[in-house]
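Below is one structure, written out as structure tokens; the observations come after it.
Worth saying up front: this structure is predicted, and the values here are computed from it rather than measured. All values below were derived from every heavy atom in this structure, side-chain atoms included, with hydrogens, water molecules and symmetry-related copies excluded.
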Amino acid sequence: MSNVNVKINFHKNDTKMKIRAANEKALFFTGQQALEDSNRYVPEDQGGLTEGSIIASEFSNIVSLNWGGSNGTVYARYQWHGKVMKGTPADRSYGPEELKYTKDAAKKEWAKYAHEQHGAEWQRMYETVMREDLRQ
């Protein structure tokens, strides 16, 4: 039996950069989809929470979905917990009464609910984008 010599060159830094770029792309697309899916369940009156989430959410290097923004934090918090907000801005309390949403699909803790409903889809999307980007 004969011996075969094989030399393999592995460009570690190039590979790390390619994986990092693919990860950022996959996070961006998956984060966008997670925000869109979550916003299906956001309580809606004048659309402020949904509009604010598009402005306040981050999709670079890390995905951070945010419905509070700088002006809507108190409003978003009581909507998130599904409790009636009481008091003044200086002395705020919540509940125990539950909010009654006018939008049929609205849920308290809407992002958690969206994750329960769509989390497996988000995982597949992330994996697909990573795989496709790394093949290039």
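Note that the CD atom of Gln117 and the OG atom of Ser38 stand 11.0 Å from one another [nearest 0.5 Å]. Note that CG of Asp37 is 11.5 Å distant from CD of Gln32, once rounded to the nearest 0.5 Å. Remark: Lys25 NZ to Tyr126 OH distance equals 13.0 Å, nearest 0.5 Å. Lys86 NZ to Asp91 CG: the interatomic distance, rounded to the nearest 0.5 Å, is 12.0 Å. Here the straight-line distance linking atom CD of Glu51 with atom CG of Leu49 works out to 10.0 Å at 0.5 Å rounding. A distance of 8.5 Å separates CH2 of Trp122 from CD of Gln33, quoted to the nearest 0.5 Å.
Checking Ser53 against Asn39 by side-chain atom types alone, a donor-acceptor pair falls below 3.5 Å. Of the N and O atoms on the side chains of Glu127 and Gln123, at least one donor lies less than 3.5 Å from an acceptor on the other residue.
With contacts defined as side-chain heavy-atom distances shorter than 4.5 Å, the pair Glu116/Glu109 does not qualify.
By the 30° and 60° cut-offs, the orientation of the rings of Trp80 relative to Trp67 is parallel.
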Using side chain to side chain contact (heavy atoms under 4.5 Å, CB included), reason through Thr30 and Val63 one step at a time and then give a plain yes or no.
CA-CA 9 Å; Thr30 306; Val63 174; over 6 Å; no
Take Ile19 and Leu134, measure what side chain to side chain contact (heavy atoms under 4.5 Å, CB included) needs, and give me the verdict at the end.
CA-CA 7 Å; Ile19 291 169; Leu134 289 172; 4.1 Å; yes
Please lay out, stage by stage, how Tyr101 and Gln79 fare under the test side chain to side chain contact (heavy atoms under 4.5 Å, CB included).
CA-CA 9 Å; Tyr101 298 119; Gln79 287 288 346; 3.1 Å; yes
Please evaluate residues Val129 and Phe28 with respect to the criterion side chain to side chain contact (heavy atoms under 4.5 Å, CB included), reporting the C-alpha separation (whole Å), side-chain torsions for both, the decisive distance (0.1 Å), and the verdict.
CA-CA 10 Å; Val129 173; Phe28 176 82; over 6 Å; no
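Among all heavy-atom pairs drawn from Asn66 and Ser57, the shortest one is N-OG, 3.0 Å. Contact between Ala26 and Met130 at its shortest, heavy atoms only, is CB-CG, 3.7 Å. Closest approach of Val42 and Thr50 over heavy atoms only: CG1-OG1, 3.9 Å. Closest heavy-atom contact between Ala106 and Pro43: CB-CA, 3.7 Å.
Cation-pi geometry between Lys107 and Tyr113 is met: under 6.0 angstrom from the ring centre, within 45 degrees of the axis.
Without hydrogens or angle criteria, Tyr41 side chain to Lys112 main chain gives no donor-acceptor distance under 3.5 Å. For Lys18 (side chain) and Asp133 (main-chain N/O), no donor-acceptor pair under 3.5 Å exists by modelled atom type.
The residues Lys83 and Glu97 are annotated as not salt-bridged, no charged nitrogen and carboxylate oxygen being separated by less than 4.0 angstrom.
With a 6.0 Å radius and a threshold of 12 heavy atoms from other residues, nucleotides or ligands, Glu98 has its CD atom above the threshold. In this structure, His115 places its NE2 atom where only 12 or fewer heavy-atom neighbours from other residues, nucleotides or ligands lie under 6.0 Å away.
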